[in-house]
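Here's the structure, in structure tokens; my notes come after.
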Amino acid sequence: MAHIVVLGGGLGGVVMAYEMRAAARKEDKITVISDKPTFDFTPSNPWVAVGWRTPDQISVELEKPLAKKNIDFIPVAATKLRPQDNAIDLEDGRAVDFDYLIIATGPELAFDEIEGLGPHGGHTQSICTTPHAKTAHDAFEKFVKNPGPIVVGAVQGASCFGPAYEFAFILDAELRKRKIRDKVPMTFVTSEPYIGHLGLDGVGDTKTLLESQLRDHHIKWITNAKVKGVTADKLQVEELDESGNLKKEHEVEASFSMMLPAFRGIPAVRDIEGLVNPRGFIIVDKHQRNPTYRNIFSVGVCVAIPPIGPTPVPVGVPKTGFMIESMTAATAENIGAILHGKEPSSEATWNAMCLADFGDGGVAFVAMPQIPPRNVNWASEGRWVHLAKVAFEKYFIGKVKSGQTEPYYEKAVLKLLGLEKLKV
């Protein structure tokens, strides 16, 4: 019998546990360790922030669905990984031993790297977690009673740009519903070298599509933006040129702001030589396996992926939902192979499919693979994207509750789009 531990109970961790249960032997034990008792559907956080969803509508208590699949669950935060001892120390004083570990923690949010950033002691909101989105909703309800300028975007080092675009357009839609959009100047501030870069050097025609959407919705923008600090009513922003030299300084007024922070690895894994890069992200090979600690694998946002290329302001690479699911499929196959005395051979495609909801429309893109050069590279827009995002939310939450990894209708849709999770 082998003990396989999944560290993290988010999108990557929960899907990983279900995939691993299907790939492991009957006698193998699987345990999920998470810092909270629920799975929260993070892609719906922009809706929570404007009151279109409540936190309970996008959350699933994990203990029962995991138990139905014979997966143990420990809702206690990890404090330190000891890879040389094959053990994880937990906040309550326990230590959990493992034979194989899959790190799927997601990131720590690096608000402290910019003065005044973040919802706790700072002046900006966040939609990175569901509790943060709830806090943002409370702040938004206060804001609409005395509306003013809004700033939305992503700071230097950020790697998750899609939700920032989504939130800007969702705010626009909600303000129009409340008939106060005319009282709210909006600015999109981003570290991207151009609108629609998305940390991916664009996908299809995202540059033109997103610039057009911003113009149509009367949202100004600043690219190559380096946020120097945030106060209660403004952001101090340096706009750099293509060579990285100071082009212009901005004081952007903001009565309400949401800026996505840079990410880094969580404290429990940071600074472990051979396991992580300087930002604390997990180093993996083509089989999602750490080269130093061969019984440790990793999936999701916590995986180290180098930037697409140099940019005037640091820009990270996003890990989209389908890309993460391709990682989990490959990892399950590879650990399953090892358990059966074989060498790992499965590789994730890292293909990307993204639905960016804009409240009453949206933009969808497919990148195969996510990192260029690509075999497939397209983007499209329309109201169908909003409807598809709503359907996907209901589908995925149901998937977590039922413990299904890939129902037949998901396989059919992916086949129609030409998307594969594993390289063949």
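In this text the structure is predicted, and so the values were computed from the model without any measurement.
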Contacts of type side chain to side chain donor-acceptor pair (under 3.5 Å), residue Asn45, not counting sequence neighbours:
Thr130
Side-chain donor/acceptor pairs under 3.5 Å, residues 330-339, sequence neighbours excluded:
unit_1: Thr331; atom_1: OG1; unit_2: Met327; atom_2: O; d: 2.8
unit_1: Asn334; atom_1: OD1; unit_2: Ser345; atom_2: N; d: 3.0
unit_1: Asn334; atom_1: OD1; unit_2: Ser346; atom_2: N; d: 2.8
unit_1: Asn334; atom_1: ND2; unit_2: His287; atom_2: O; d: 3.1
unit_1: Asn334; atom_1: ND2; unit_2: Ala330; atom_2: O; d: 3.0
unit_1: Asn334; atom_1: ND2; unit_2: Ser346; atom_2: O; d: 2.9

Do you see a donor-acceptor pair shorter than 3.5 Å between the side chains of Asn245 and Ser243?
no
Do the side-chain N and O atoms of Trp221 and Glu211 include a donor-acceptor pair separated by under 3.5 angstrom?
no
Check: [X] side chain, [Y] main-chain N or O, donor-acceptor pair, under 3.5 Å:
| X | Y | value |
| --- | --- | --- |
| Thr206 | Gly202 | no |
| Ser191 | Val155 | yes |
| Asp205 | Leu209 | no |
| Arg181 | Val184 | yes |

Can you name the salt bridge (Lys or Arg N to Asp or Glu O under 4.0 Å) partners of Asp241, sequence neighbours left out?
none
Distance flag, aromatic centroids of Phe358 and Tyr165, threshold under 6.0 Å
no
Using ring centroids (six-membered ring only for Trp), state whether His132 and Phe111 fall under 6.0 Å.
yes
Got a list of side-chain donor-acceptor pairs under 3.5 Å for residues 225-234, not counting sequence neighbours?
unit_1: Thr231; atom_1: OG1; unit_2: Asp233; atom_2: OD1; d: 3.3
unit_1: Thr231; atom_1: OG1; unit_2: Lys234; atom_2: N; d: 3.4
unit_1: Thr231; atom_1: OG1; unit_2: Lys234; atom_2: O; d: 3.3

Quick note, salt bridge (charged side-chain N to carboxylate O under 4.0 Å, His left out) partners involving residues 43-54, not counting sequence neighbours, are Arg53-Glu393
Note, Met259 side chain near Ile114 side chain (heavy atom, < 4.5 Å)
no
Kindly list each side-chain donor-acceptor pair under 3.5 angstrom involving residues 62-79, sequence neighbours excluded, with atom names and distances?
unit_1: Thr79; atom_1: OG1; unit_2: Asp89; atom_2: O; d: 3.2

Could you tell me if Lys177 sits above the aromatic ring of Trp52, with its cationic atom closer than 6.0 Å to the ring centre and no more than 45 degrees from the axis?
yes
Could you tell me how the ring of Phe256 sits relative to the ring of Phe140: parallel (under 30°), tilted (30 to 60°) or perpendicular (over 60°)?
perpendicular
Does the plane of the ring in His197 sit parallel, tilted or perpendicular to the ring in Tyr194? Use 30° and 60° as the thresholds.
perpendicular
